[in-house]
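Every chain is numbered from 1 and lettered A, B, ... according to where its sequence line falls, protein lines coming before strand lines.
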Amino acid sequence: MRYNYKKIEQKWQQKWDEAKVFEADDHSDKPKFYGLVEFPYPSGAGMHVGHIKAYSSMEVIARKRRMQGYNVLFPIGFDSFGLPAENYAIKTNTHPHDITVKNVEKFKDQMKAVGFSFDWSREISTSLPDYYKWTQWIFLKLFEKGLVFRAKTLVNYCPHCKVVLSNEDSQGGKCDICKSDVVQLPKDVWYLKITEYADKLLDGLDEVDYPESIKQQEVSWIGKSTGAFVDFSIAGIDEKLTIYTTRCDTLYGVTFMVMAPEHPLLDQYKDRITNWDAVEQYRADCAKKTEFERTQLVKDKTGVKLEGFVAVNPVNSKEIPIFIADYVMMGYGTGAIMAVPAHDQRDYEFAKKFGVDIIQVIEGGDISEAAYTGDGRMINSDFLNAYDNKKDSIAAMLEHLEKEKLGHKGIQYKMKDWAFNRQRYWGEPIPLIHCPKCGTVGVPYEELPLRLPEVENFEPGTDGQSPLAKIDSFVNCTCPKCGGAAKRETDTMPQWAGSSWYFLRFVDPHNDKAFADPEKIKYWMPVDWYNGGMEHVTRHLLYSRFWHHFLYDIGEVNTPEPYAKRSYQGLILGSDGEKMSKSKGNVVDPLDIVEEYGADTLRTYVLFMGDYQAAAPWNDDAVKGCKRFLERVASLPEISTLSEEDPSLESKLHKTIKKVTEDIESMKFNTAIAALMTLINDFTKAGAISRDDLLIYIKLLSPFAPHLCEEIHELLGETGFLAISAWPDYDEAKTKDATIEIGVQVNGKVRATVSLPADCAKEEALPLAKSEPAVQKYLEGKTLVKEIYVPGKILNFVVK
RNA sequence: GCCCGUGUGGCGGAACUGGCAGACGCGCAGGACUUAAAAUCCUGUUGUGGUGACACAGUACCGGUUCGAUCCCGGUCACGGGCACCA
């Protein structure tokens, strides 16, 4: 058969479409499988080969599961709100909606050209009102349950995008969208209380099948620490300075305290602080430093000692000085610390520089050189001196603090609440109303969706206001509670809102009564397997788990965790080994590959290129190798005869069925394809294969190269679609060889191989091995010390 | 600094989690076909020595456990990712 991939691919894509082969059934007796890939943001650049790799894994798994008799839900949609479309709209003076529609079409064409078996009847787009209606609905539920609040704090702000960012959106101090430096500004913003779900998000990880690296990353992002809050009094006044510490047992080693420069208590007592000028000067200096300088570069300790403001150590009533220093952050703990220079390196450096006492309270190390942070026996610590490990001494001190009402156990998280509003146009309008009498009121549910109004100009205002603020007809409204004049919130939701629940919409995408029918949720959820990028672990993955836990708590979904299993793909690098980027000119367009080699070649190559989870560079020559392989497959019918199965190929065939079946499940696609390549080499050597063997072969290959395999399937006179025919079974007994070659070692070095029956007994194997001339040579004149025989594996003679 | 992960031919990568290191593919070399080239097919391809069957070395480096280590243990180095004055 001539391999006319263009004709074949078009033909079968059309046939699958017409016959609705990949549409999932909401009422089926088959076992269900919900396989999910991260729906794309439809950028103007179109799909990237990285998208193809990300989707191909679940595509292969979904196709295999269908053939194995599962009712498969494999949906796709578009995460279509977002800044890039809006920025492009501003630049080209078009509407973000029009751009989005165009981009979505482009993405769809590309996906269809690759032949992904998505259920297109369930396509969604987060920027459509019948979708974002429910995003707003969930937001209102969060608001109703007190998980939305407004606060004026220091927030991450991107001066380039003119937008407030969440902590997750500004990882590493860079804007997630434009990569420019993020600055800290005091701003009044809406927060979602994700911290209230910190423990649920942590505990939930025990119930799901995620790779360890992903769990670790979420755990360290949430950053839970257990410790104690301890109250220090201020000498001469009735005021407490509360600190958070993980080592309350070192209280006897506290020789000073440090407050963050922004600490509000300072302003309250500025009349008492006799060197207030120095405080203000220091604050001004700190404000000039960028976040980068403050946290990364300048580790040199700076600070100012407060005059007239002295603390008292609660355990020994000693007076200790208080400093302000920028190594203490307002955003973590209480914004103040007790400093134990003997056992904390930062406090140690500060004490050395400012000449403060250092009192050792844990035995070990050399305090004249550096802080000792290890474990050990407590010293100089009154009633704690009996303890020789931190677990016991912390427990004893905690008990003491609670009894004396000096402090209590406490928990801190590094994760912060989710800054949720964006001062931009192309997002879901936040459905809140500001009423001068009633305060903030939610838009009534029956008024949803709160539609994004048409505007002339998408530029954000220089005053940091959303473009929506300029539209009086949108802003001015009546309060749903009191009927008085009120104003709408004009900010929109962040990029991550629509994607925080999209997998739920897929189970019932056209429902206009609810975000999804509870029965369908019960049937399809949780997602059985979710593949996506490592870059989403502390963003989308965390956010969507949070929303789903919330929906579970209010009884809207049936499980707390949305995804039973998660996997990830490695990056495709450019052929130069660098990350693909437009500026480097090393980007590969999937459609170019489809055009030149065919979709089946592209699909096979992205999975054959290496370990699925590892990054690997693109290689045009290796793509050709995959094309060559498929051309050989296309010519297989020529050597297919009507004869009975070739017995010499039988065990090879069964081994391959087993390997491909198992390797797909463990995402070892490269070795699955390699096994199929090996088998075709065997076929070619044999010169003729049976029709049945060929049928099995194309079934195994079909998840990777479905178009070609459907074509051969038809050519063989089979009716119906290969895509939903039965996956081949293998006979375990036939995967085992009757005779096997095993290595014979002398002193651990292989000297010969012998052919033995698989279950050969030691008594028979040994003489056979010894009679090998190559082995004899090394045994002669030596004393045999030991004979090791591991059936099926190895034979080893130890000689002296 | 802390936490994960990785390190194997010229290249991408295999190796049942302790049992013949280098499957499969790319590249390269030689050959067949061709007037020639491309395509295709066949053969070879870890390094060193030898015409040769063969010998020795070899999975980042140093050491250990074992009859036997790419795999396990201790230490070192390099690269990638995450977190980071987090109290």
Practice task
To the nearest Å, give me how far apart CZ (A:F669) and P (B:A23) are.
Solution key: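 My rounded result for the distance is 23 Å.
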
When the [atom1] atoms of [N] and [M] are considered, how many whole Å apart are they?
{"N": "B:A21", "M": "B:A55", "atom1": "P", "answer": "13 Å"}
{"N": "B:C24", "M": "B:U43", "atom1": "P", "answer": "12 Å"}
{"N": "B:A23", "M": "B:A36", "atom1": "P", "answer": "34 Å"}
{"N": "B:A53", "M": "B:G5", "atom1": "P", "answer": "44 Å"}

Which residues pass the side chain to side chain contact (heavy atoms under 4.5 Å, CB included) test with [X], not counting sequence neighbours?
{"X": "A:V750", "value": "A:Q745"}
{"X": "A:P617", "value": "A:L573"}
{"X": "A:A622", "value": "A:Y605, A:N619"}

Exercise for the section: Determine, for nucleotides 8-19 of chain B in 5'-to-3' order, which nucleotides have protein heavy atoms under 4.0 Å from the base (write B), from only the sugar-phosphate (write S), or from neither (write -). Expected result: ----BSSS---B

Exercise for the section: For each nucleotide in nucleotides 27-34 of chain B, reading 5' to 3', give B when a protein heavy atom comes within less than 4.0 Å of its base, S when such contact involves only the sugar-phosphate, and - otherwise. Expected result: S-------

If only side-chain N and O atoms of [X] are considered, is one of them under 4.0 Å from the OP1 or OP2 phosphate oxygen of [N]?
{"X": "A:R346", "N": "B:G1", "answer": "no"}
{"X": "A:Q171", "N": "B:C83", "answer": "yes"}
{"X": "A:Y568", "N": "B:G82", "answer": "no"}
{"X": "A:K786", "N": "B:C67", "answer": "yes"}
{"X": "A:Y332", "N": "B:A87", "answer": "yes"}

Any strand: nucleotide that pairs with [N] via Watson-Crick or wobble, under 3.5 Å:
{"N": "B:A32", "result": "B:U40"}
{"N": "B:C83", "result": "B:G1"}
{"N": "B:A15", "result": "none"}
{"N": "B:U51", "result": "none"}

Handout entry: Rounded distance [0.5 Å steps], CG in A:L636 versus CD in A:E631
Key =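 One gets 12.5 Å once the value is rounded to the nearest 0.5 Å.
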
Practice task
For A:A674 and for A:F797, find the nucleotide of RNA chain B with the closest heavy atom, then tell me which residue's nucleotide is more 5'.
Solution key: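 First, find each residue's nearest nucleotide; the 5'-ward one identifies A:A674.
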
Categorize [X] for me: base, sugar-phosphate, or nothing, with a 4.0 angstrom heavy-atom threshold over every strand shown.
{"X": "A:Y778", "result": "sugar-phosphate"}
{"X": "A:G625", "result": "sugar-phosphate"}
{"X": "A:T753", "result": "base"}

Could you write out each protein N or O paired with an N or O of nucleotides 45-49 of chain B at a distance under 3.5 Å?
none

Handout entry: Short side-chain donor-acceptor distance under 3.5 Å, A:N681 and A:R632
Key = yes

Practice task
Report the glycosidic orientation of B:G9: syn if within 90° of 0, anti in every other case.
Solution key: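 It is syn.
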
Practice task
Check the surroundings of atom NZ in A:K579: do more than 12 heavy atoms from other residues, nucleotides or ligands lie under 6.0 Å from it?
Solution key: no

